[in-house]
Amino acid sequence: MVILVTGSSKGIGASTIIEFAKHGYDVVINYNNSFFDAIKIQDEVKKYNVKSLVLKCDVTNENDVKEMINIINEELGSIDVLINNAGIAIDTAFEDKTISNFRRTLDVNLIAPFIVSRIVGDIMYKNKKGTIINISSTNAIDTYYPESLDYDASKAGLISLTHNLAKHYAPYVRVNCICPGWVNTDMNKDLTIGFIEEEKKKILLNRFAEPKEIAQAIYNITISEYINDAIIRVDGGERP
């Protein structure tokens with residue numbers, strides 16, 4: 001079994017690679033800028049005796065994606081599981097939002113999953129098997145922040161994309177979406193202590209998730225063969 005996780009050199013993506021390697025999957029570690037982080041993850045999965053590839057690819061570029069998929073097919077075989085994880089957040093005050101940053105956020109968080117899913121999904125459909133999981137956010141549902149309106153919009157679009165992909169690729173390819181709440185990743189490393197404490201009060205478990213906990217949820221959804229077209233919150237019981 002082969003899994004491709006976009007944006008998997010750190011954070012949720014890296015933890016997902018490790019989680020699946022533990023269960024015997026051959027893994028593809030995709031990065032765009034963080035080469036050394038990607039190599040560290042590859043070194044870590046070696047102990048699980050699985051095959052691994054580290055591939056640089058700008059997933060917003062269709063030609064780059066096609067080249068990456070061709071390499072994977074040649075080296076490991078067809079992709080069985082695709083996790084659209086690559087994402088960015090460019091948080092600024094509402095009045096400082098720029099059109100260029102908004103477009104960049106949409107490109108990475110929404111257009112890229114469309115590009116990768118269409119290329120990989122068509123192969124999965126031809127093979128009559130496969131699973132796609134999109135990583136959205138509770139920001140797409142009900143935890144809105146004006147500073148993150150471009151991020152929130154992109155993640156809401158990813159939920160819609162999930163529904164349409166599930167319908168298009170049925171019955172052979174299952175497509176689901178996981179919506180994490182707050183997670184201890186680099187994306188949130190600059191949050192103030194005061195803000196973090198206030199956000200924790202909204203979570204029944206009174207803490208942020210660790211990346212490995214989201215990875216465990218991703219694995220569980222992947223192996224649950226009757227879950228399809230589902231939008232699943234993994235937020236510790238967040239109550240905005």
Next on the checklist: Quick one about Y169 and D122 (side-chain donor to acceptor, distance below 3.5 Å, no hydrogens or angles considered), yes or no?
Outcome noted: yes
Less than 3.5 Å apart, which donor and acceptor atoms pair up between the side chains of residues 50-57 and the rest of the protein, not counting sequence neighbours?
{"from": "S52", "atom 1": "OG", "to": "Q42", "atom 2": "NE2", "distance (Å)": "3.1"}
{"from": "K56", "atom 1": "NZ", "to": "N32", "atom 2": "O", "distance (Å)": "2.4"}
{"from": "K56", "atom 1": "NZ", "to": "N32", "atom 2": "OD1", "distance (Å)": "3.4"}

Next on the checklist: Which residues pass the salt bridge (charged side-chain N to carboxylate O under 4.0 Å, His left out) test with D142, not counting sequence neighbours?
Outcome noted: R233
Next on the checklist: Is there a salt bridge (Lys or Arg N to Asp or Glu O under 4.0 Å) between E238 and K201? Walk through the geometry before answering.
Outcome noted: CA-CA 9 Å; E238 190 171 4; K201 293 176 182 177; over 6 Å; no
Next on the checklist: So, taking the atom named OG in S136 and the one named CG in N85, what distance separates them when rounded to the nearest 0.5 Å?
Outcome noted: 11.5 Å
Item to check | Where at least one partner belongs to residues 100-121, residue pairs that pass side chain to side chain donor-acceptor pair (under 3.5 Å), sequence neighbours excluded | outcome: N84-S117, T98-S100, T98-N101, N109-S154
Checklist entry - Which residues, ordered by chain and number, are linked to L205 in its hydrophobic cluster, where ILVMFWY side chains connect at heavy-atom gaps below 4.5 Å, directly or through other members? => result Y145, W182, L191, F195, I196, I203, F208
Next on the checklist: I need the I123 CD1 to I79 CD1 distance, nearest 0.5 Å.
Outcome noted: 6.5 Å
Checklist entry - Would you find a donor on one side and an acceptor on the other, under 3.5 Å apart, between the side chain of R174 and the backbone of T222? => result yes
Checklist entry - Just how far is it from atom CG of L158 to atom CD1 of I111, taken to the nearest 0.5 Å? => result 10.5 Å
Checklist entry - How long is the span from the CG atom in N164 to the OG1 atom in T162, to the nearest 0.5 Å? => result 9.0 Å
Item to check | A21 versus Y48, closest heavy-atom pair with distance | outcome: O-CB, 3.5 Å
Checklist entry - How many angstroms lie between CG in D26 and CD1 in I3, if you round to the nearest 0.5 Å? => result 11.0 Å
Item to check | V108: hydrophobic cluster co-members (side-chain, 4.5 Å) | outcome: I88, I90
Extract all donor-acceptor atom pairs below 3.5 Å that involve side chains of residues 13-20 and protein atoms in other chains or at least two apart in sequence.
{"from": "S15", "atom 1": "OG", "to": "G11", "atom 2": "O", "distance (Å)": "3.4"}
{"from": "T16", "atom 1": "OG1", "to": "I12", "atom 2": "O", "distance (Å)": "2.8"}

Item to check | Those residues that, when tested against K10, pass salt bridge (charged side-chain N to carboxylate O under 4.0 Å, His left out) (two or more places apart) | outcome: D37, D186
Item to check | Under 4.5 Å side-chain linkage, directly or through intermediates, the cluster mates of L204 | outcome: none
Next on the checklist: Tell me which pairs pass side chain to side chain donor-acceptor pair (under 3.5 Å) where either residue lies in residues 68-77, with sequence neighbours left out.
Outcome noted: none
Item to check | side-chain hydrogen bond (donor to acceptor under 3.5 Å, both in side chains) involving D229 - partner list, sequence neighbours excluded | outcome: H163
Next on the checklist: Can you list, by chain and residue number, the hydrophobic cluster partners of Y151 when the side-chain cut-off is 4.5 Å?
Outcome noted: M187
Checklist outcome for this item: Residue set satisfying salt bridge (charged side-chain N to carboxylate O under 4.0 Å, His left out) with D43, at least two apart, ordered chain then number -> K46
Checklist entry - When rounded to the nearest 0.5 angstrom, what is the spacing between CD1 in I69 and CD1 in I71? => result 9.5 Å
Next on the checklist: Going by side-chain hydrogen bond (donor to acceptor under 3.5 Å, both in side chains), T143 matches just one of D235, T138, D152. Which one?
Outcome noted: T138
